[in-house]
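Below, chain A is the first sequence line, B the second, and so on; all start at residue 1.
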Protein chains: 2
Amino acid sequence: MAVVQQEISHPTRDELELSAVLHALSDPVRLKIVAALASEAEQSCASFDVPVTKSTCTHHFKVLREAGVIRQRQEGTSRLNTLRRDDLEARFPGLLDSVLRAA
Amino acid sequence: MAVVQQEISHPTRDELELSAVLHALSDPVRLKIVAALASEAEQSCASFDVPVTKSTCTHHFKVLREAGVIRQRQEGTSRLNTLRRDDLEARFPGLLDSVLRAA
DNA sequence: GACGTTGTACGATGATTGCCGTACCTTATC
DNA sequence: GATAAGGTACGGCAATCATCGTACAACGTC
């Protein structure tokens with residue numbers, strides 16, 4: 001049956017909000033995810049070593065995506081994640097780097 | 001009557017935690033306070049133009065202080081606030097500047 | 001001493017958060 | 001078609017959060 005692929009919505013570069021980004025980065029689990037994404041380009045959700053269940057993981061990825069920190073795209077059954085380095089750098093220069101350096 | 005001046009406790013530089021700092025900075029009211037502190041050295045709590053009541057303000061200053069973002073010292077009846085620029089820069093180089101630039 | 005100012009302490013409340021389990025969808029493989 | 005793997009959706013729960021009002025403490029000033 002033909003099910004329309006549901007859009008994965010992301011904020012545009014202009015829509016990024018500093019407080020939302022800072023809040024997204026203020027959780028240790030999410031920070032760990034972001035750090036892992038920073039060192040290895042594109043990774044599926046299952047490839048992260050975090051001490052939470054699948055459903056909690058989905059929640060954290062949603063927070064990161066809606067804050068504009070990561071981009072997700074569907075690839076078969078898995079969802080591939082990338083850091084939105086360029087967009088973050090354009091809106092908040094130096095922020096991501098300083099957070100990653102401190103993490 | 002001799003009441004001992006209660007200590008205002010601050011985390012040491014080594015005790016600063018990235019997630020706590022990011023969380024403290026992720027609230028719009030607190031971000032506004034920090035931005036105001038960045039542009040004018042030492043200010044009393046009452047000098048900030050934020051849309052919340054006194055008691056909420058006390059709460060925000062407490063969050064900022066306990067995260068190590070600001071330092072408070074008593075001066076008569078008022079409490080003077082300063083940004084802990086040096087400590088933040090030492091532990092999380094570039095972080096505060098990038099946040100302030102983006103705010 | 002009586003006020004006024006500055007700020008804290010202590011609830012209370014409603015919203016958000018982080019976490020989980022269960023059920024389910026989609027794709028791939030046997 | 002049955003099963004397995006990767007994820008999401010939904011509902012629930014306990015903890016935290018941002019906000020407020022009221023009461024109160026410390027210090028100046030009239």
Side-chain angles (χ1 to χ4, degrees), chain A residues 1-10 17-34 36-37 42-67 69-82, chain B residues 1-10 17-34 36-37 42-67 69-82:
Chain A
M1 151 173 165
V3 177
V4 176
Q5 170 73 40
Q6 60 212 16
E7 285 290 319
I8 303 177
S9 76
H10 296 80
E17 279 183 28
L18 179 59
S19 56
V21 171
L22 292 175
H23 172 251
L25 296 176
S26 73
D27 183 275
V29 172
R30 291 194 290 263
L31 198 50
K32 185 171 183 181
I33 290 174
V34 170
L37 271 178
E42 197 171 33
Q43 296 177 71
S44 72
C45 296
S47 70
F48 296 90
D49 180 33
V50 289
V52 290
T53 63
K54 268 201 305 180
S55 48
T56 303
C57 227
T58 295
H59 161 71
H60 284 310
F61 279 107
K62 186 178 180 184
V63 171
L64 287 169
R65 190 187 67 238
E66 292 183 345
V69 177
I70 66 171
R71 173 163 281 121
Q72 298 189 290
R73 70 180 181 90
Q74 203 69 28
E75 175 89 7
T77 85
S78 66
R79 197 164 276 206
L80 296 180
N81 304 280
T82 49
Chain B
M1 155 173 162
V3 177
V4 175
Q5 169 73 40
Q6 61 212 17
E7 285 290 321
I8 303 178
S9 77
H10 295 80
E17 280 182 26
L18 179 59
S19 56
V21 171
L22 291 175
H23 173 250
L25 296 176
S26 72
D27 183 274
V29 172
R30 291 195 290 263
L31 199 50
K32 185 171 183 179
I33 291 174
V34 170
L37 272 177
E42 198 171 32
Q43 296 177 71
S44 73
C45 295
S47 70
F48 296 90
D49 178 33
V50 288
V52 290
T53 63
K54 266 200 308 179
S55 47
T56 303
C57 227
T58 295
H59 161 71
H60 285 310
F61 278 106
K62 186 178 179 184
V63 172
L64 287 170
R65 189 187 68 239
E66 293 184 344
V69 177
I70 66 171
R71 173 163 282 122
Q72 297 190 291
R73 70 182 182 88
Q74 202 70 28
E75 176 88 6
T77 84
S78 64
R79 195 163 278 206
L80 296 180
N81 304 280
T82 49

Send over the distance from [X] [atom1] to [N] [atom2], rounded to a whole Å.
X: Ile8(A); N: dA9(D); atom1: CD1; atom2: C1'; result: 15 Å
X: Phe61(B); N: dT8(C); atom1: CZ; atom2: P; result: 8 Å
X: Lys62(B); N: dT8(C); atom1: NZ; atom2: C1'; result: 9 Å
X: Arg65(B); N: dT8(C); atom1: CZ; atom2: C1'; result: 10 Å

Phosphate OP1/OP2 of [N] contacted by [X] side-chain N/O (<4.0 Å):
X: Ser78(A); N: dG6(D); result: no
X: Thr56(B); N: dC20(D); result: yes
X: His59(B); N: dA9(C); result: no
X: Arg79(A); N: dG6(D); result: no

- Message: Nearest to the side chain of Thr77(A), heavy atoms from C-beta on, is which of dC27(D), dA18(D), dT26(C)?
- Response: dT26(C)
Any chance you could measure [X], atom [atom1], to [Y], atom [atom2], to the nearest 0.5 Å?
X: Cys45(B); Y: Ile70(B); atom1: SG; atom2: CD1; answer: 7.0 Å
X: Ile33(A); Y: His60(A); atom1: CD1; atom2: NE2; answer: 6.5 Å
X: Leu25(A); Y: Leu64(A); atom1: CG; atom2: CG; answer: 7.0 Å
X: Leu37(B); Y: Lys32(B); atom1: CG; atom2: NZ; answer: 13.0 Å
X: Arg71(B); Y: Leu80(B); atom1: CZ; atom2: CG; answer: 13.5 Å

- Item | Those residues of residues 43-55 of chain A lying under 4.0 Å from DNA chain D by at least one heavy atom |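 Per residue number, the list reads Ser44(A), Cys45(A), Ala46(A), Lys54(A), Ser55(A).
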- Message: Atom CD of residue position Glu17(A) - does it have more than 12 heavy atoms of other residues, nucleotides or ligands inside 6.0 Å?
- Response: no
- Item | Toward the 5' end of DNA chain C, by each residue's nearest nucleotide, Leu80(B) or Gly76(A) |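 Its nucleotide being nearer the 5' end, the pick is Leu80(B).
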- Note on the structure: The correct set of residues in residues 24-33 of chain B placing a heavy atom under 4.0 Å from DNA chain C is none
- Message: I want to check something: taking the side chain as every heavy atom from C-beta on, are His59(A) and Lys62(A) in contact at a cut-off of under 4.5 Å?
- Response: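 Sidechains of Lys62(A) and His59(A): no contact.
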- Message: With a 4.5 Å cut-off on side-chain heavy atoms, are Arg79(B) and Ile8(B) touching?
- Response: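 Sidechains of Arg79(B) and Ile8(B): in contact.
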- Residue that, paired with Asn81(B), satisfies side-chain hydrogen bond (donor to acceptor under 3.5 Å, both in side chains) out of Glu42(B), Gln72(B), Arg73(B), Gln43(B): Gln72(B)
